[in-house]
Amino acid sequence: MAVTEDIKIKPSSEELLKTGPSRAPRNMGQIIRFLLLFAGGILMVMPIAFMISTSLKWPHEVYNLNFIPDEPTIENYTYVLEDGRFYWWFLNSLIIAVITTICSVIFDSLVGYTLCKFRFPGRYIIFIAILSTLMIPTEMLVIPWYLMSQQFGWLDTYWGIMFPGLMTAFGTFLMKQFFETVPDDFIEAARIDGLNELQIWWTVAMPLVRPALAALAIFVFLGNWTAFIWPLIVTNSVEMYTLPVGLSSFGDEADVAWELIMTGAAISTIPTLVVFLIFQRFIIRGVVMAGLKG
């Protein structure tokens, strides 16, 4: 009896022939998608790989396009890490990125919550006006920012570097869209319980939009960590340089020492990689939720 059941379970050669052709295209499509993703991944990684490769080369090898250096060396890392200015630049970038991220998350979420959960005349006009700033290139805002910084004495200060990014139109838009997913019944129940609006925002609404908060924090942190144009314009002293601006100074002092610039760039990518690897699930979840809501 068991033998009969085994014979029935095994597919016949005719069934295999019928199922064979239908599986082949599906497997071929998966292979093509995998190859395309693999090729795209290589293209994305190659600049980082060449950056690390250049950081391990001697000055006379920099313009040699060999991927593997003929004489690998860590002297460039020793020189950069022994340069006291590098730690100042690193600390400046860290302070500016962290404080700007915290302020942006708080202010953007407050404005987004207000525009979403409060009904007052002109709120849509205010929202559209905020979104319209996304169409203005940063280069057009540099001159007004500089004149404002000069007038208030913010040149060559932390505040002068940070103030343009303390609140962002993108963050306001993102938080408003996510606050719309918070049921109004929760807000009304909290008001009935006697909570004020700040308590409702902090204890009820904010925990429900954590993926958006995490994604916004990562985007703002990375944007301020890699910012170059505005910190270059608003800073005068070497001690106030951020990391991207400070690394560019190697080109002036060492006759375009690309090996030193690439070494500093390789070191500066470590915090961004760590932040992304830790919080990448929040980015993916936030994007997916935003797509489902849209």
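Treat the numbers as computed from the prediction; the structure is a model and nothing was measured.
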Result block: side-chain N/O donor-acceptor pairs under 3.5 angstrom for residues 234-246, not counting sequence neighbours:
unit_1 : atom_1 : unit_2 : atom_2 : d
Thr235 : OG1    : Pro231 : O      : 2.4
Ser237 : OG     : Asp156 : OD1    : 3.3
Ser237 : OG     : Asp156 : OD2    : 2.9

Please check if the number of heavy atoms outside Phe120 that lie under 6.0 Å from its CZ is greater than 12. yes

So how far is it from Thr133 OG1 to Ile128 CD1, rounded to the nearest 0.5 Å? 12.5 Å

Look up atom OH in Tyr124 and atom CG in Leu115, then write down how far apart they are to the nearest 0.5 Å. 10.0 Å

Ring center gap for Tyr113 and Trp202 short of 6.0 angstrom: no

Ile48 side chain reached by Thr269 side chain, heavy atoms, under 4.5 Å: no

Through direct or indirect side-chain contacts below 4.5 angstrom among Ile, Leu, Val, Met, Phe, Trp and Tyr, which residues connect to Met135? none

Decide whether a cation-pi geometry holds between Lys176 and Phe127; the criteria are a distance under 6.0 Å from NZ or CZ to the six-membered ring centre and an angle within 45° of the ring axis. yes

Parallel, tilted or perpendicular: which describes the rings of Phe152 and Trp154, with under 30° parallel and over 60° perpendicular? parallel

Looking only at heavy atoms, what is the nearest atom pair of Met51 and Ala265, with distance? SD-CB, 3.7 Å

When rounded to the nearest 0.5 Å, the distance separating CE of Met167 from CD1 of Ile106 is 13.0 Å

CD1 on Ile218 to OG1 on Thr272, rounded to 0.5 Å: 11.5 Å

